[in-house]
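Here is the naming used below: chain letters follow the sequence lines, and residue numbers restart at 1 for every chain.
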2 protein chains.
Amino acid sequence: MEFDVLVDVRLRGGISDPAGATIERALPALGYDGVSGVSVGKTVRFTMEAADEAEAAARAGDLCASFLTNPVIEDAEVTVRPADG
Amino acid sequence: MEFDVLVDVRLRGGISDPAGATIERALPALGYDGVSGVSVGKTVRFTMEAADEAEAAARAGDLCASFLTNPVIEDAEVTVRPADG
């Protein structure tokens, strides 16, 4: 069975986010006031073969902790759902 | 009023995704078979001051199209919800 996996990766609280800080600093000059707390993250989407949803979630979590994120500075949220069709 | 905004940016279909392709090529050698269709995107989260949710959504959409994404190669999905508290 195929599952669609979404891995949403964010920097942990307290880890400096230079991309977010740069956006936040630039916005007032570009005409966007009232924007704060900008943070930039990444997403990885893929399709995974697995026997059932639990196996897909376990393998995706593993994969994510081993290769897709740096657990020292990043938090990841893994969402698994059966692929359409 | 404050609103939490999440901008989820993905490459448009047909645009080459070298980061995703590299991950996909590497995974079998790392012990993860059955993974396909890997794509890498980015997220921008921020807090925005606005009178109501419609204004927040309009300004966030504008901001997103003008500065946070490249509409030629990227699609963005903007989610706005009232900030907690």
Exercise for review: Start with the C-alpha distance between F46(B) and E24(A), add both sets of side-chain angles, then the distance that settles side chain to side chain contact (heavy atoms under 4.5 Å, CB included), and finish with yes or no.
Suggested key: CA-CA 9 Å; F46(B) 54 87; E24(A) 189 164 336; over 6 Å; no
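- The number of heavy-atom neighbours closer than 6.0 Å to CZ of R81(B), taken from other residues, nucleotides and ligands shown, is 12 or below.
- Contact tally against chain B (heavy-atom pairs below 4.5 Å) for V9(A), V38(A), D62(A), T47(A): the top residue is T47(A).
- Annotation: the span from S36(B) atom OG to E49(A) atom CD amounts to 7.5 Å, rounded to 0.5 Å.
- With a threshold of 4.5 angstrom between heavy atoms, I23(A) approaches chain B through side-chain atoms but not through N, CA, C or O.
- By the rule that hydrophobic residues join a cluster once side-chain heavy atoms approach within less than 4.5 Å of another member, M1(A) and L6(A) end up as members of separate clusters.
- Here the closest non-hydrogen pair linking D33(A) and R59(B) is O-NH2, 2.8 Å.
- Residue R10(A) qualifies as open at atom CZ: its count of foreign heavy atoms under 6.0 Å is 12 or below.
- Annotation: side chain to side chain donor-acceptor pair (under 3.5 Å) contacts of D17(A) (sequence neighbours excluded): none.
- For F67(B), the part lying near chain A is the side chain, with the backbone staying farther off; criterion is any non-hydrogen pair under 4.5 Å.
- You'll find the side chain of L27(A) reaches within 4.5 Å of the side chain of L63(B), heavy atoms only.
- Ranking G37(A), A26(A), S39(A) against chain B, the residue ahead of the rest is S39(A), based on heavy-atom pairs under 4.5 Å.
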Exercise for review: Given salt bridge (charged side-chain N to carboxylate O under 4.0 Å, His left out), test D8(B) with R45(A) step by step and report yes or no.
Suggested key: CA-CA 12 Å; D8(B) 184 13; R45(A) 288 177 166 85; 2.6 Å; yes
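- Following chains of ILVMFWY side-chain contacts shorter than 4.5 Å, one can reach V40(A) starting from L30(A), so the two form part of one hydrophobic cluster.
- In this structure, no portion of D4(B) lies under 4.5 Å from any heavy atom of chain A.
- Interface remark: L68(B) contributes side-chain atoms only to the contact with chain A (heavy atom separation under 4.5 Å).
- Within 6.0 Å of the CD atom in E53(A), the count of heavy atoms belonging to other residues, nucleotides or ligands exceeds 12.
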